[in-house]
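Heads up, the thing below is written out as structure tokens.
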Protein chains: 2
Amino acid sequence: MTVPADFFKSAFTVDNVIFGFDDGDLKVLLIQRAEDPFLDYWGLPGYFVNADEGLKEAAYRVLEEMTGLTDVYLEQIKTFGKTGRHPMGRVITVAYLSLIKVDDYLLKVKNNAVAQKAEWFSISDIDDLAFDHKEILDTCLDTLRRRVQQKPVGFELLPPKFTLTELQHLYEAILDTELDKRNFRKKILSMNLLIDLDQYQENVAHRPAKLYSFDKARYQEFLSDGYSFDLSENKRKSRTLQY
Amino acid sequence: MTVPADFFKSAFTVDNVIFGFDDGDLKVLLIQRAEDPFLDYWGLPGYFVNADEGLKEAAYRVLEEMTGLTDVYLEQIKTFGKTGRHPMGRVITVAYLSLIKVDDYLLKVKNNAVAQKAEWFSISDIDDLAFDHKEILDTCLDTLRRRVQQKPVGFELLPPKFTLTELQHLYEAILDTELDKRNFRKKILSMNLLIDLDQYQENVAHRPAKLYSFDKARYQEFLSDGYSFDLSENKRKSRTLQY
DNA sequence: ACTTTTAGTGTGGATATTACACGAATCGCT
DNA sequence: AGCGATTCGTGTAATATCCACACTAAAAGT
């Protein structure tokens, strides 16, 4: 076993899968490529990792250069390294995932970036992307759906003040399912993650809903405590199994 | 944004974290290095990915060359890419995890491998390893402990015929906790993952225990069905939360 | 036959999960 | 002012799950 001849002759990239919630719809942020290969194709915002930066660092830098987003939390999901996934040679890519609320961020492509523009796309409208980005997106979507049942991630996707119905719709959109209103409220309120603002919607043509905000301190506790969420209303007989 | 000057001047490796269960103890498979850097240090069995092979493929190949193990199931866990983690330059490594039963495998280091020898170490005896392998190991151990509560992975670690007490000890070793015998048995049997062999231990100085084996077909169902396991006997008040 | 050791078994109280329906509050229209 | 349309907000009861807890059974060795 020797050092391969092509040692130090490979490249790695990061690709960011940024999910957003807007208008009752789960979206993902794509860029249109400004260079070959896949010129003009849409793909995930991703680019090469520099030699002097860490992976996560690179993911944040690339995301900002290509879409203008800063201050999003990125989480490493999986690394894709099939041969032939990049026409320029052996390129391995590390996929990062984030969940943000669309309204909070203004998209802005830097001049020197490899992107012509950045836009949000509804998940259901996406069929083909540059490279193997569709596969990466699908993997991240699976992860998101599993994740959402274990951590209260959904909150990141709503405005600072929201109604319980909005929160429920969010979960229904991500999980592509329907939930029972009363049970949803019971659960969510019992978690003490919400702050009751004692304010109400205005100018709605129906009984106005109470507004809530999200208790960030309490959220931190949840994450560190390894709490287990569970969306359920479950299909199967024996749901929570041990061992 | 341009292609970095050091494009195609990086290297990647795979590192395998192979957990084994033996003698009531959770172990991990390490190799002693036969080359610099970290000559003579113990570390994870890992090496460079060739340009013409996929990541997973590389992980299997490297594992076999360094330890002789074949036919283990490897799962990608995380990619480590801090700058400075490898003294030779920018090297990114993808960590793979596996769980096997020690007795089933004979360790055999190939002549040309970068390893002098391969040995099993108890988790608790490991303090320092080559590179950042201790950090990689710790990350994989966390993943294993979480994993074990979601999938019945533990079965891989026992001989073909085992007693319920052995299975319980396995879980106790992995999770570093004690479990209630009656509740454990109720749960595990209700999952229908075990086949009652109608055989008993022999030559033990006490009442002999029934022997079971593991129903592989049923196990497959579990995996594909996205069942949720849960080890519990739980510390916290509200265990299973929704939303 | 007695000791030692591990195997094997059931119940009840507390909590969590699910299914399910109707009055309340606002707006806009007449 | 009254009515219709719309969404908000709330409780209960049946079922399933979770967990704590203690004694008898079977074999080997003396």
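Heavy-atom basis, side chains included; hydrogens, waters and symmetry copies ignored. By convention in this document, chain letters (A, B, ...) are assigned in the order of the sequence lines, proteins followed by strands, and residues within each chain are numbered from 1. Just so it is clear, the model here is predicted, and its values are computed rather than measured.
Side-chain nitrogen and oxygen atoms of A:T165 include at least one within less than 4.0 Å of the OP1 or OP2 phosphate oxygen of D:dC8.
Judged by atom type and distance alone, B:K210 does not reach the base of C:dG8 through any side-chain donor-acceptor pair under 3.5 Å.
Comparing A:K181 and B:E166 by the nucleotide of DNA chain C whose heavy atom lies nearest to each, the residue mapping closer to the 5' end is B:E166.
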Identify each donor-acceptor pair in which a side-chain atom of residues 158-166 of chain A lies under 3.5 Å from a protein atom, sequence neighbours left out, and give them as a table.
{"unit_1": "A:K161", "atom_1": "NZ", "unit_2": "A:Q199", "atom_2": "OE1", "d": "2.9"}
{"unit_1": "A:T163", "atom_1": "OG1", "unit_2": "A:E166", "atom_2": "N", "d": "3.1"}
{"unit_1": "A:T165", "atom_1": "OG1", "unit_2": "A:R185", "atom_2": "NH2", "d": "3.1"}
{"unit_1": "A:E166", "atom_1": "OE1", "unit_2": "A:T163", "atom_2": "N", "d": "3.0"}

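In this structure, the OH atom of B:Y200 is 10 Å from the C1' atom of C:dG8, given to the nearest Å. Atom-to-atom, CZ of B:R185 to C1' of D:dA20 comes out at 17 Å; the value is rounded to the nearest Å. Rounded to an integer number of Å, the gap from B:M191 CE to D:dT17 P is 13 Å. The separation between A:Q199 atom CD and D:dC8 atom C1' is 17 Å, rounded to whole Å. The CZ atom of B:R182 sits 10 Å away from the P atom of D:dC21 (whole-angstrom rounding). The distance from atom CG of B:L179 to atom C1' of C:dA7 is 17 Å, rounded to the nearest whole Å. Here D:dA16 presents its P atom at 14 Å from NZ of B:K187, a figure rounded to the nearest Å. Atom CG of B:L167 and atom P of C:dG8 are 12 Å apart (whole Å).
With sequence neighbours excluded, no residue forms a salt bridge (Lys or Arg N to Asp or Glu O under 4.0 Å) with B:E172. With sequence neighbours left out, the side chain to side chain contact (heavy atoms under 4.5 Å, CB included) criterion links A:K210 to A:D196, A:D198, A:Y200, A:Y212. For the salt bridge (Lys or Arg N to Asp or Glu O under 4.0 Å) test, no residue two or more places apart in sequence or in another chain qualifies with B:E57. With sequence neighbours left out, B:Q116 forms a side chain to side chain contact (heavy atoms under 4.5 Å, CB included) with B:Q32, B:A34, B:L39, B:D40.
B:K186 comes within 4.0 angstrom of a nucleotide base, judged by non-hydrogen atoms across all strands. Nucleic acid contact class of B:T163 (heavy atoms, under 4.0 Å, all strands): none.
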Could you write nucleotides 24-30 of chain C as a row of B, S and -, 5' to 3', where a protein heavy atom under 4.0 Å of any base atom gives B, of only sugar-phosphate atoms gives S, and otherwise -?
-> BBBS---
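Put simply, the side chain of A:T79 never gets that close to the backbone of A:V94: no donor and acceptor are under 3.5 Å apart. A donor-acceptor pair is defined here as one N or O able to donate and one able to accept, closer than 3.5 Å; such a pair exists between the side chain of A:N16 and the backbone of A:P45.
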